[in-house]
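Working notes for the structure below.
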Amino acid sequence: MERNILEELKIAMPTLSKGHKKTAHYIIENLDEAAFMTAAKIGKNIGVSESTVVRFAAAMGYDGFPGFQEAMAAAVRGRLGAPSRFDIGGTDMNHSKILDYVFKGDAEKIMDTLNNLDSDAFDLAVDMLAEADKVYVVAVRSAAPLGEFLAFYLRMVAKDVTAVTTNSSSEIFEQMINVGENDVVIGISFPRYSMRTLKALEFANNRSAKVIAITDSIHSPMNLYSSCNLFARSDMATVVDSMTAPMSLINALIVALCVRNSKTVAGRLEELDRVWNDYQITNNDEINYLDEELMKDLRGLKE
(Lines give C-alpha, C1' and ligand atoms only; values in the text may rest on other atoms or scores of the structure.)
Protein backbone atom coordinates (compact mmCIF):
# COMPACT_ATOMS: atom_id res chain seq x y z
CA MET A 1 0.00 0.00 0.00
CA GLU A 2 1.39 3.38 -1.04
CA ARG A 3 2.24 5.67 1.85
CA ASN A 4 0.54 9.05 2.17
CA ILE A 5 3.43 11.35 2.95
CA LEU A 6 1.33 14.45 3.69
CA GLU A 7 -0.82 12.62 6.23
CA GLU A 8 2.31 11.17 7.83
CA LEU A 9 3.86 14.62 8.15
CA LYS A 10 0.72 16.09 9.72
CA ILE A 11 0.44 13.26 12.24
CA ALA A 12 4.13 13.37 13.16
CA MET A 13 4.31 17.18 13.44
CA PRO A 14 3.75 17.53 17.23
CA THR A 15 6.55 15.05 18.06
CA LEU A 16 9.23 16.41 15.73
CA SER A 17 12.30 18.33 16.82
CA LYS A 18 12.58 22.01 15.89
CA GLY A 19 14.71 21.39 12.80
CA HIS A 20 12.58 18.48 11.63
CA LYS A 21 9.38 20.44 12.24
CA LYS A 22 10.76 23.25 10.10
CA THR A 23 11.48 20.74 7.33
CA ALA A 24 8.00 19.23 7.57
CA HIS A 25 6.33 22.66 7.39
CA TYR A 26 8.33 23.54 4.28
CA ILE A 27 7.48 20.29 2.51
CA ILE A 28 3.76 20.55 3.32
CA GLU A 29 3.61 24.07 1.90
CA ASN A 30 5.94 23.51 -1.08
CA LEU A 31 5.45 19.86 -1.96
CA ASP A 32 5.33 20.38 -5.74
CA GLU A 33 8.75 22.05 -5.71
CA ALA A 34 10.34 20.09 -2.85
CA ALA A 35 9.69 16.77 -4.61
CA PHE A 36 12.32 17.70 -7.19
CA MET A 37 14.90 19.29 -4.88
CA THR A 38 18.01 17.77 -3.36
CA ALA A 39 18.35 17.51 0.41
CA ALA A 40 20.94 20.29 0.24
CA LYS A 41 18.57 22.60 -1.65
CA ILE A 42 15.71 22.02 0.80
CA GLY A 43 18.08 22.65 3.70
CA LYS A 44 19.35 25.88 2.14
CA ASN A 45 15.82 27.16 1.55
CA ILE A 46 14.77 26.73 5.19
CA GLY A 47 18.07 27.41 6.93
CA VAL A 48 19.03 23.93 8.11
CA SER A 49 21.87 21.62 7.11
CA GLU A 50 21.67 18.96 4.42
CA SER A 51 22.27 16.30 7.07
CA THR A 52 19.24 17.55 9.04
CA VAL A 53 17.02 16.94 6.01
CA VAL A 54 18.55 13.48 5.46
CA ARG A 55 18.04 12.60 9.13
CA PHE A 56 14.48 13.88 8.88
CA ALA A 57 13.77 11.45 6.03
CA ALA A 58 15.15 8.59 8.14
CA ALA A 59 13.11 9.73 11.16
CA MET A 60 9.99 9.53 9.02
CA GLY A 61 10.79 5.87 8.34
CA TYR A 62 12.21 6.14 4.82
CA ASP A 63 15.29 4.34 3.58
CA GLY A 64 17.34 7.46 3.00
CA PHE A 65 16.49 10.70 1.23
CA PRO A 66 15.94 9.12 -2.24
CA GLY A 67 13.08 7.02 -0.86
CA PHE A 68 11.59 10.06 0.81
CA GLN A 69 11.91 12.05 -2.41
CA GLU A 70 10.09 9.34 -4.35
CA ALA A 71 7.25 9.46 -1.82
CA MET A 72 7.00 13.22 -2.35
CA ALA A 73 6.88 12.73 -6.12
CA ALA A 74 4.15 10.10 -5.73
CA ALA A 75 2.10 12.54 -3.64
CA VAL A 76 2.43 15.19 -6.34
CA ARG A 77 1.32 12.72 -9.01
CA GLY A 78 -1.62 11.73 -6.84
CA ARG A 79 -3.00 15.24 -6.49
CA LEU A 80 -4.92 15.04 -9.74
CA GLY A 81 -4.85 11.28 -10.08
CA ALA A 82 -7.13 10.21 -7.24
CA PRO A 83 -10.22 8.22 -8.29
CA SER A 84 -12.50 10.85 -6.73
CA ARG A 85 -11.28 13.47 -9.22
CA PHE A 86 -11.74 13.62 -12.95
CA ASP A 87 -9.06 14.39 -15.50
CA ILE A 88 -9.66 17.96 -16.69
CA GLY A 89 -7.85 17.24 -19.92
CA GLY A 90 -9.50 13.98 -20.84
CA THR A 91 -12.92 14.00 -19.19
CA ASP A 92 -15.96 13.50 -21.39
CA MET A 93 -18.25 15.22 -18.85
CA ASN A 94 -20.61 17.75 -20.36
CA HIS A 95 -21.45 20.95 -18.53
CA SER A 96 -24.51 19.55 -16.75
CA LYS A 97 -22.48 16.61 -15.42
CA ILE A 98 -19.77 18.96 -14.19
CA LEU A 99 -22.41 21.01 -12.37
CA ASP A 100 -23.76 17.84 -10.77
CA TYR A 101 -20.26 16.67 -9.79
CA VAL A 102 -19.19 19.97 -8.22
CA PHE A 103 -22.46 20.92 -6.52
CA LYS A 104 -23.02 17.50 -4.98
CA GLY A 105 -19.40 17.37 -3.86
CA ASP A 106 -19.71 20.76 -2.17
CA ALA A 107 -23.00 19.78 -0.52
CA GLU A 108 -21.37 16.63 0.83
CA LYS A 109 -18.50 18.64 2.30
CA ILE A 110 -20.92 21.06 3.98
CA MET A 111 -22.92 18.24 5.59
CA ASP A 112 -19.76 16.44 6.68
CA THR A 113 -18.51 19.67 8.29
CA LEU A 114 -21.84 20.24 10.03
CA ASN A 115 -22.03 16.68 11.35
CA ASN A 116 -18.49 16.75 12.75
CA LEU A 117 -18.22 20.33 13.99
CA ASP A 118 -17.42 20.75 17.68
CA SER A 119 -20.27 22.97 18.93
CA ASP A 120 -18.37 23.81 22.12
CA ALA A 121 -15.43 25.07 20.07
CA PHE A 122 -17.82 27.09 17.92
CA ASP A 123 -19.41 28.70 21.00
CA LEU A 124 -15.96 29.43 22.41
CA ALA A 125 -14.94 31.14 19.16
CA VAL A 126 -18.06 33.34 19.27
CA ASP A 127 -17.32 34.31 22.89
CA MET A 128 -13.69 35.09 22.12
CA LEU A 129 -14.58 37.30 19.15
CA ALA A 130 -17.37 39.10 20.99
CA GLU A 131 -15.06 40.00 23.88
CA ALA A 132 -11.90 40.85 21.92
CA ASP A 133 -10.40 44.34 21.99
CA LYS A 134 -9.06 43.79 18.47
CA VAL A 135 -9.40 40.99 15.92
CA TYR A 136 -6.72 40.11 13.37
CA VAL A 137 -7.66 37.89 10.42
CA VAL A 138 -4.76 36.09 8.71
CA ALA A 139 -5.46 34.26 5.46
CA VAL A 140 -3.28 34.01 2.36
CA ARG A 141 -3.27 32.26 -1.01
CA SER A 142 -6.51 30.38 -1.74
CA ALA A 143 -7.80 31.20 1.77
CA ALA A 144 -7.42 34.96 1.22
CA PRO A 145 -11.01 35.50 -0.06
CA LEU A 146 -12.33 33.77 3.06
CA GLY A 147 -10.31 36.13 5.24
CA GLU A 148 -11.49 39.23 3.38
CA PHE A 149 -15.13 38.10 3.63
CA LEU A 150 -14.84 37.38 7.36
CA ALA A 151 -13.06 40.67 8.10
CA PHE A 152 -15.62 42.68 6.10
CA TYR A 153 -18.55 41.45 8.19
CA LEU A 154 -16.67 41.35 11.48
CA ARG A 155 -16.25 45.11 11.20
CA MET A 156 -20.00 45.43 11.80
CA VAL A 157 -19.76 43.50 15.06
CA ALA A 158 -16.26 43.69 16.55
CA LYS A 159 -14.60 46.77 18.04
CA ASP A 160 -11.52 46.79 15.80
CA VAL A 161 -10.70 44.42 12.92
CA THR A 162 -7.56 44.13 10.81
CA ALA A 163 -7.35 41.92 7.74
CA VAL A 164 -3.66 41.00 7.58
CA THR A 165 -2.97 40.81 3.86
CA THR A 166 0.71 40.52 2.94
CA ASN A 167 3.21 38.88 0.66
CA SER A 168 5.83 38.10 3.30
CA SER A 169 6.15 37.02 6.93
CA SER A 170 7.95 40.25 7.84
CA GLU A 171 4.97 42.34 6.71
CA ILE A 172 2.68 40.17 8.82
CA PHE A 173 4.71 40.91 11.94
CA GLU A 174 4.72 44.63 11.14
CA GLN A 175 0.92 44.67 11.06
CA MET A 176 0.60 42.51 14.18
CA ILE A 177 3.34 44.15 16.26
CA ASN A 178 0.84 45.46 18.85
CA VAL A 179 -1.11 42.23 19.30
CA GLY A 180 -1.73 41.43 22.97
CA GLU A 181 -3.54 39.22 25.44
CA ASN A 182 -6.91 40.95 24.97
CA ASP A 183 -6.86 40.40 21.20
CA VAL A 184 -7.96 37.51 19.01
CA VAL A 185 -6.09 36.26 15.94
CA ILE A 186 -7.95 34.10 13.43
CA GLY A 187 -5.77 32.01 11.12
CA ILE A 188 -7.43 30.44 8.06
CA SER A 189 -5.41 27.85 6.18
CA PHE A 190 -6.09 24.65 4.26
CA PRO A 191 -3.83 22.26 2.34
CA ARG A 192 -1.40 23.23 1.14
CA TYR A 193 -0.91 25.03 4.44
CA SER A 194 0.67 28.48 4.55
CA MET A 195 3.88 28.93 6.50
CA ARG A 196 3.13 32.67 6.71
CA THR A 197 -0.17 31.98 8.45
CA LEU A 198 1.48 29.47 10.78
CA LYS A 199 4.18 31.98 11.76
CA ALA A 200 1.52 34.61 12.45
CA LEU A 201 -0.30 32.23 14.80
CA GLU A 202 2.97 31.34 16.54
CA PHE A 203 3.69 35.06 17.04
CA ALA A 204 0.19 35.68 18.41
CA ASN A 205 0.49 32.72 20.77
CA ASN A 206 3.84 33.98 22.05
CA ARG A 207 2.20 37.36 22.74
CA SER A 208 -0.53 35.60 24.80
CA ALA A 209 -3.26 36.55 22.32
CA LYS A 210 -6.21 34.20 21.87
CA VAL A 211 -5.84 32.20 18.67
CA ILE A 212 -8.60 30.64 16.56
CA ALA A 213 -7.68 28.27 13.73
CA ILE A 214 -10.09 27.63 10.87
CA THR A 215 -8.60 24.66 9.07
CA ASP A 216 -9.38 21.16 7.81
CA SER A 217 -8.46 18.61 10.50
CA ILE A 218 -6.77 17.78 13.79
CA HIS A 219 -3.63 17.03 11.80
CA SER A 220 -3.32 20.59 10.50
CA PRO A 221 -0.17 22.39 11.69
CA MET A 222 -2.38 25.43 12.42
CA ASN A 223 -3.53 23.65 15.58
CA LEU A 224 -0.06 23.90 17.10
CA TYR A 225 -0.61 27.47 18.30
CA SER A 226 -4.40 27.79 18.55
CA SER A 227 -6.62 27.62 21.63
CA CYS A 228 -9.80 27.11 19.60
CA ASN A 229 -9.98 24.91 16.50
CA LEU A 230 -12.81 24.98 13.96
CA PHE A 231 -12.63 22.29 11.30
CA ALA A 232 -14.26 22.52 7.88
CA ARG A 233 -13.81 19.98 5.15
CA SER A 234 -11.85 21.18 2.16
CA ASP A 235 -10.85 19.23 -0.90
CA MET A 236 -9.64 19.74 -4.42
CA ALA A 237 -12.01 19.33 -7.36
CA THR A 238 -9.42 18.91 -10.11
CA VAL A 239 -7.25 22.04 -9.78
CA VAL A 240 -9.69 24.17 -7.76
CA ASP A 241 -9.75 24.16 -3.95
CA SER A 242 -13.30 23.69 -2.66
CA MET A 243 -13.87 26.33 0.04
CA THR A 244 -17.66 25.99 0.22
CA ALA A 245 -17.73 24.31 3.64
CA PRO A 246 -15.24 26.77 5.20
CA MET A 247 -17.37 29.64 3.83
CA SER A 248 -20.49 28.13 5.43
CA LEU A 249 -18.64 27.88 8.74
CA ILE A 250 -17.58 31.53 8.48
CA ASN A 251 -21.17 32.53 7.65
CA ALA A 252 -22.35 30.74 10.79
CA LEU A 253 -19.75 32.57 12.90
CA ILE A 254 -20.88 35.94 11.54
CA VAL A 255 -24.58 35.18 12.10
CA ALA A 256 -23.90 33.97 15.66
CA LEU A 257 -22.01 37.18 16.42
CA CYS A 258 -24.78 39.31 14.92
CA VAL A 259 -27.35 37.55 17.10
CA ARG A 260 -25.19 38.00 20.18
CA ASN A 261 -24.44 41.69 19.44
CA SER A 262 -27.65 42.58 17.58
CA LYS A 263 -27.96 46.05 19.15
CA THR A 264 -24.39 46.89 18.16
CA VAL A 265 -25.00 45.71 14.59
CA ALA A 266 -28.23 47.69 14.31
CA GLY A 267 -26.51 50.79 15.70
CA ARG A 268 -23.63 50.59 13.24
CA LEU A 269 -25.95 50.09 10.29
CA GLU A 270 -27.96 53.14 11.33
CA GLU A 271 -24.77 55.16 11.77
CA LEU A 272 -23.61 54.13 8.29
CA ASP A 273 -26.94 55.23 6.88
CA ARG A 274 -26.54 58.65 8.53
CA VAL A 275 -22.98 59.00 7.17
CA TRP A 276 -24.10 58.10 3.67
CA ASN A 277 -26.90 60.67 3.83
CA ASP A 278 -24.72 63.39 5.38
CA TYR A 279 -22.03 63.01 2.73
CA GLN A 280 -24.47 62.44 -0.13
CA ILE A 281 -23.20 58.97 -0.93
CA THR A 282 -25.74 57.46 -3.28
CA ASN A 283 -24.61 53.84 -2.99
CA ASN A 284 -25.88 52.96 -6.43
CA ASP A 285 -24.29 49.52 -6.09
CA GLU A 286 -26.30 48.70 -2.93
CA ILE A 287 -29.85 47.35 -3.06
CA ASN A 288 -31.94 47.92 0.08
CA TYR A 289 -28.86 47.67 2.29
CA LEU A 290 -30.76 49.00 5.30
CA ASP A 291 -33.95 47.11 4.60
CA GLU A 292 -36.62 47.95 7.18
CA GLU A 293 -37.35 44.28 7.80
CA LEU A 294 -33.67 43.65 8.51
CA MET A 295 -33.53 46.50 11.00
CA LYS A 296 -36.70 45.28 12.66
CA ASP A 297 -35.28 41.76 12.97
CA LEU A 298 -32.00 43.01 14.46
CA ARG A 299 -33.78 45.17 17.04
CA GLY A 300 -36.04 42.28 18.03
CA LEU A 301 -33.37 39.63 18.49
CA LYS A 302 -32.53 40.65 22.04
CA GLU A 303 -35.99 41.89 23.05
Side-chain angles (χ1 to χ4, degrees), residues 3-35 37 42-43 45-48 52-53 55-57 59-62 68 71-72 75-76 78-79 113 116-118 121 125 136-144 146-147 164 166 168-170 172-173 176 179 184-207 209-236 241-243 245-246 249:
R3 297 172 64 172
N4 187 327
I5 190 169
L6 290 178
E7 283 301 313
E8 289 178 354
L9 291 174
K10 295 173 195 175
I11 292 170
M13 190 76 70
T15 64
L16 296 176
S17 66
K18 185 176 180 180
H20 288 181
K21 192 173 290 185
K22 199 172 184 180
T23 306
H25 286 160
Y26 181 82
I27 291 170
I28 288 171
E29 188 173 24
N30 302 279
L31 180 65
D32 291 354
E33 295 82 12
M37 292 180 185
I42 292 174
N45 285 353
I46 58 178
V48 301
T52 296
V53 178
R55 286 195 298 270
F56 170 77
M60 292 299 300
Y62 290 88
F68 181 70
M72 288 193 288
V76 171
R79 283 190 183 280
T113 298
N116 292 287
L117 189 65
D118 184 340
Y136 297 83
V137 181
V138 186
V140 301
R141 296 193 345 208
S142 62
L146 297 176
V164 181
T166 69
S168 70
S169 295
S170 62
I172 287 177
F173 296 140
M176 295 178 60
V179 67
V184 171
V185 177
I186 306 174
I188 308 174
S189 189
F190 293 85
R192 297 178 290 165
Y193 305 109
S194 166
M195 179 67 79
R196 282 175 283 162
T197 303
L198 185 66
K199 288 294 183 183
L201 298 192
E202 180 182 10
F203 178 69
N205 182 69
N206 290 340
R207 289 294 187 91
K210 299 175 181 67
V211 178
I212 299 172
I214 299 178
T215 188
D216 65 319
S217 76
I218 59 172
H219 304 306
S220 168
M222 299 302 128
N223 304 329
L224 292 172
Y225 304 109
S226 60
S227 52
C228 180
N229 303 316
L230 298 177
F231 301 133
R233 185 176 165 191
S234 172
D235 203 349
M236 188 178 286
D241 292 324
S242 174
M243 293 297 185
L249 173 59

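If you read the sequence from its start, that first residue is 1, and numbering goes on from there.
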Please check if the side chain of [X] supplies one atom and the backbone of [Y] the other of a donor-acceptor pair under 3.5 Å.
X: Thr15; Y: Ala12; value: yes
X: Ser234; Y: Ser242; value: yes
X: Ser194; Y: Ser189; value: no

Roughly how far, to the nearest 0.5 Å, is the [atom2] atom of [Y] from the [atom1] atom of [X]?
X: Asp216; Y: Thr113; atom1: CG; atom2: OG1; value: 10.0 Å
X: Asn205; Y: Lys210; atom1: CG; atom2: NZ; value: 12.0 Å
X: Ile5; Y: Ile27; atom1: CD1; atom2: CD1; value: 6.0 Å
X: Leu230; Y: Ile214; atom1: CG; atom2: CD1; value: 5.5 Å
X: Tyr136; Y: Ile186; atom1: OH; atom2: CD1; value: 12.5 Å
X: Met60; Y: Arg55; atom1: CE; atom2: CZ; value: 15.5 Å

[X] vs [Y] side-chain heavy atoms within contact, under 4.5 Å:
X: Tyr26; Y: Ile42; result: yes
X: Met13; Y: Ile28; result: yes
X: His25; Y: Leu224; result: yes
X: Ser142; Y: Met243; result: yes

Might you point out which heavy atoms bring [X] and [Y] nearest each other, and give the distance in Å?
X: Leu146; Y: Pro246; value: CD1-CB, 3.8 Å
X: Ala232; Y: Leu249; value: CB-CD2, 4.0 Å
X: Phe231; Y: Ile218; value: CE1-CG2, 3.5 Å
X: Pro191; Y: Lys10; value: CG-NZ, 4.1 Å
X: Ala200; Y: Ile172; value: CB-CG2, 3.6 Å

Contacts of Phe56 that satisfy ring pair (Phe, Tyr, Trp, His ring centres under 6.0 Å) - sequence neighbours left out: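 Once residues adjacent in sequence are excluded, the partners of Phe56 under the ring pair (Phe, Tyr, Trp, His ring centres under 6.0 Å) criterion are His20, Phe68.
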Excluding sequence neighbours, so at least two apart, what forms ring pair (Phe, Tyr, Trp, His ring centres under 6.0 Å) with Phe203? Phe173
Quick one: side chain to side chain donor-acceptor pair (under 3.5 Å) pairs with a partner in residues 221-233, sequence neighbours left out? Glu108-Arg233, Ser226-Asn229
Quick one: list whatever passes side-chain contact (heavy atoms from CB on, under 4.5 Å) with Ala143, sequence neighbours left out.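 Ala139, Ile188.
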Can you list the residues that meet the side-chain contact (heavy atoms from CB on, under 4.5 Å) rule with Ala204, with sequence neighbours excluded? Met176, Val185, Ala209, Val211
Sequence neighbours left out, what pairs pass salt bridge (charged side-chain N to carboxylate O under 4.0 Å, His left out) with at least one residue falling in residues 16-31?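 Listed by first then second residue: Glu29-Arg141.
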